[in-house]
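Read through the structure below, which is laid out as structure tokens, and then see the notes.
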Amino acid sequence: MTATASAERQSLTLRIVRTWLPVVVVAAGIAVMAFRGFDDVGLEGGAGIIGAGLSVWLLNQLHRIGVDGDAERYEEDAARDFFDRHGRWPDEPQAARG
């Protein structure tokens, strides 16, 4: 398997888990409510399943926020390492050194 095919497969898997899994679980909760009827068991069971789908979505969002924070932290660390080696920030022109 090539690197491109592997990346495409991983992208598809992430898209399914991040988007379609929560959608399917929420739809299943709505279906339980609709087919079971609007009695206590149907409403509570459906609401529980919908809550599980929303939890999957929220956990994915929180994970993505955490990963984005890690990327920013790595960029800042690289900029600090560059400053330690060269005495200036990476986006600072060389002529600005005093």
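Along the sequence shown, the residues carry numbers beginning at 1. The model shown is predicted, which means the values in this text are computed figures rather than measured ones.
- When all heavy atoms are compared, the tightest approach of Ile50 to Ile30 is CD1-CG1, 3.9 Å.
- Listed by first and then second residue, the salt bridge (Lys or Arg N to Asp or Glu O under 4.0 Å) pairs that reach into residues 25-42 are Arg36-Asp39, sequence neighbours excluded.
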*Please assess Val26 against Leu54 for the test side chain to side chain contact (heavy atoms under 4.5 Å, CB included), listing each intermediate value before the final yes or no.*
CA-CA 7 Å; Val26 168; Leu54 294 175; 4.3 Å; yes
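- Taken from CZ in Arg15 to CD in Glu8, the straight-line distance is 9.5 Å, to the nearest 0.5 Å.
- Residues satisfying the side chain to side chain contact (heavy atoms under 4.5 Å, CB included) test with Ala79, not counting sequence neighbours, are Trp89, Pro90.
- With a 4.5 Å cut-off between side-chain heavy atoms of Ile, Leu, Val, Met, Phe, Trp and Tyr, the cluster of Ile16 takes in Leu12.
- Scanning for salt bridge (charged side-chain N to carboxylate O under 4.0 Å, His left out) contacts around Arg73 gives Asp70, with sequence neighbours left out.
- Contact of the Val17 side chain with the Asn60 side chain is registered, since non-hydrogen atoms from C-beta on lie closer than 4.5 Å.
- Interatomic distance, Asp81 CG to His86 NE2, rounded to the nearest 0.5 Å: 10.0 Å.
- Listed by chain and number, the residues in a side chain to side chain contact (heavy atoms under 4.5 Å, CB included) with Leu14 are Gln10, Arg18 (sequence neighbours excluded).
- When the side chain to side chain contact (heavy atoms under 4.5 Å, CB included) test is applied to Gln61, the partners found at least two apart in sequence or on another chain are Trp57, Arg64.
- A chain of hydrophobic side-chain contacts below 4.5 Å, direct or via other Ile, Leu, Val, Met, Phe, Trp or Tyr residues, connects Ile49 to Leu21.
- Note that CZ of Phe82 is 4.0 Å distant from CZ of Arg88, once rounded to the nearest 0.5 Å.
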